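Written out below as structure tokens is the structure these notes cover.
Here the structure is a predicted model, which is why all the values come from computation and not from measurement.
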Amino acid sequence: MNEQRGSTEELSLADLARRLLAVDTGGWTPDVVKAFSDGLGWTQGGTAEHPVLVTGRPSGDARLRPVGTYEERYTDGESYVELAVPVATAAPGAVAQAAAFRAAGEELTAALGRPSVMGSHGDMGPFYDSGPSWGAPFLRWRGSPDTLELRAGKAGPELVLQPTDPAENWFWRQGHGEEHAISGFFGSNRDPANAGLGFPGGWTARSWETVTRSLSDFLGALPAEAVALGVGFGMPFYGRTGGGAPLLFDVTCGDRLSIGCFAPDGVDAAALGWGTVAEHPGTASVWRDDDPLWRVDAGGPGEPKGRALAEMLVATAKAAGVTEPAGLIVGGEAEYVDGYHVRYYGLGLPTG
């Protein structure tokens with residue numbers, strides 16, 4: 001590696017990112033990683049199972065992830081699959097964490113250009129790791145042989161340098177079709193860096209309980225993740241019944257989550273938990289006063305009650321005549337988010 005020695009304590013986030021991207025990781029072997037840390041003025045610490053690089057940065061030390069039982073099948077000679085550097089800390093809770101991630105993402109975008117990939121890891125991150133409870137957004141600058149990712153960490157955003165192939169190999173192999181095989185959502189744009197990027201197959205929900213769980217996870221975190229990523233979502237849901245597949249729900253989310261319901265005649269939407277614009281006046285900026293008539297303002301980051309919302313949507317779909325999970329369809333319009341083509345892997349619902 002040709003890194004200059006010196007502490008990175010005073011480096012800005014943008015400068016740290018540039019230095020990480022400039023590193024020749026040389027296959028991620030122990031000798032190369034030592035040269036990496038020496039060049040940055042970091043010292044090795046921790047244990048063999050949990051190695052760290054002592055950075056001197058106020059946000060904390062960097063963590064190396066060695067290849068172990070969960071990683072080895074996806075690698076090709078690497079000894080490590082990522083280096084995670086905490087870059088900021090924030091108060092617990094969705095509002096502060098999403099704001100910290102958003103600020104870091106904006107600084108990196110100004111320095112590196114628009115990320116080629118964005119999304120959410122959901123409740124299962126790379127190599128079966130778990131993320132924070134408020135949401136698991138990520139921004140990724142894909143490259144070869146290495147990729148740089150801004151990822152939501154336990155205490156704040158983390159900058160993760162990783163060999164590209166193992167992470168993408170892991171993701172690809174999760175497309176085996178079992179329920180909840182992949183969580184979250186994955187968006188890519190037309191950046192040339194995405195040439196050759198593969199997309200795993202999804203999975204299909206086989207029960208309404210599965211749909212309830214997947215919607216609960218998705219809706220509960222959506223406002224925080226939308227704020228963190230700096231994007232907005234517009235998602236129509238259609239319900240296939242004997243009379244076709246009319247529009248049933250309209251999920252709209254920026255800094256707040258609003259859900260509209262187009263309940264057919266004969267469905268008691270109020271009894272199912274839906275309100276009107278009088279009860280949810282904040283939704284007047286999303287839809288006209290009476291179209292849709294039924295709606296709910298679910299709140300901003302950290303506020304949506306995911307399970308209750310999911311149960312309400314599922315109960316409404318059933319009352320409207322949707323007889324099976326495959327009959328609840330995410331509209332194809334939802335796949336286009338701020339220039340990214342998004343796949344909603346975690347929902348387990350068809351898109352059309």
Side-chain angles (χ1 to χ4, degrees), residues 1 3-23 25 28 33-47 49-66 80-113 115 118-121 125-127 129-141 146-163 167 221 224-225 227-230 301-302:
M1 295 187 182
E3 281 291 298
Q4 295 181 353
R5 181 176 296 277
S7 171
T8 60
E9 184 174 356
E10 301 301 324
L11 284 180
S12 68
L13 173 58
D15 287 338
L16 174 62
R18 292 189 187 100
R19 292 191 70 177
L20 292 176
L21 285 172
V23 167
T25 50
W28 290 80
V33 168
K34 185 178 185 307
F36 176 115
S37 60
D38 288 348
L40 288 170
W42 298 349
T43 57
Q44 293 184 297
T47 65
E49 294 77 18
H50 303 285
V52 302
L53 298 181
V54 180
T55 66
R57 294 179 64 85
S59 49
D61 295 327
R63 304 184 313 278
L64 281 163
R65 180 160 186 162
Y80 305 94
V81 291
E82 67 180 37
L83 171 69
V85 187
V87 295
T89 56
V95 173
Q97 291 290 328
F101 187 99
R102 174 75 166 267
E106 289 176 346
E107 182 176 349
L108 289 170
T109 298
L112 306 177
M118 70 87 179
S120 167
H121 291 302
F127 311 109
D129 201 4
S130 60
S133 59
W134 67 269
F138 67 87
L139 299 172
R140 189 177 296 167
W141 289 262
D146 300 311
T147 287
L148 190 69
E149 178 173 295
L150 180 68
R151 182 184 303 169
K154 298 294 194 296
E158 299 180 343
L159 199 57
V160 181
L161 185 68
Q162 56 191 346
E225 293 180 334
V227 168
L229 295 168

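By the 4.5 Å heavy-atom criterion applied to side chains, Leu108 and Leu139 are not counted as neighbours. Residues Thr109 and Trp141 meet the side-chain proximity criterion, which asks for heavy atoms closer than 4.5 Å. Looking only at side-chain heavy atoms (C-beta outward), Leu21 and Leu112 come within less than 4.5 Å of each other. Between Thr43 and Ser37 the shortest side-chain heavy-atom distance does not fall below 4.5 Å. Residues Glu158 and Arg63 form a side-chain contact, since some pair of their non-hydrogen atoms from C-beta on lies under 4.5 Å apart.
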I would like to know whether Leu64 and Phe36 meet side-chain contact (heavy atoms from CB on, under 4.5 Å); could you show each step before the answer?
CA-CA 12 Å; Leu64 281 163; Phe36 176 115; over 6 Å; no

Criterion salt bridge (Lys or Arg N to Asp or Glu O under 4.0 Å) on Lys34 and Asp38, from CA distance to verdict:
CA-CA 6 Å; Lys34 185 178 185 307; Asp38 288 348; 2.9 Å; yes

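The shortest heavy-atom contact between Phe101 and Pro137 is CE1-O, 3.5 Å. Pairing each heavy atom of Gly60 with each of Pro86, the nearest pair is O-CD, 4.2 Å. The two residues Leu150 and Pro157 make their nearest non-hydrogen contact at CD1-CB, 3.9 Å. Heavy-atom minimum distance, Pro301 versus Val95: O-CG2, 3.8 Å. Closest non-hydrogen pair, Ala98 versus Val227, comes out as CB-CG1, 4.1 Å. The shortest heavy-atom contact between Ala152 and Ala136 is CB-CA, 4.3 Å.
Using modelled atom types, one side-chain atom of Gln97 and one backbone atom of Ala155 make a donor-acceptor pair closer than 3.5 Å. Within the 3.5 Å criterion, the main-chain N or O of Trp28 finds no donor-acceptor partner in the side chain of Thr25. In this structure a side-chain-to-backbone donor-acceptor pair under 3.5 Å is missing from Arg151 to Ala84. Not one N or O on the side chain of Thr89 forms a donor-acceptor pair closer than 3.5 Å with the backbone of Gly156.
With rounding to the nearest 0.5 Å, the separation of CZ in Arg19 from CG in Leu161 is 13.0 Å. Expressed to the nearest 0.5 Å, how far CZ of Arg65 lies from NE2 of His50 amounts to 10.5 Å. Rounding to the nearest 0.5 Å places CZ of Arg18 at 6.5 Å from OG of Ser12.
Qualifying side-chain hydrogen bond (donor to acceptor under 3.5 Å, both in side chains) partners for Glu106, counting only residues two or more places apart in sequence or in other chains: Arg102.
Each of Leu159, Leu53, Val52 was checked for a side-chain contact (heavy atoms from CB on, under 4.5 Å) with Leu83, and the lone residue meeting it is Leu53.
Classification of the Phe138-His121 ring pair by plane angle, with boundaries at 30° and 60°, yields parallel.
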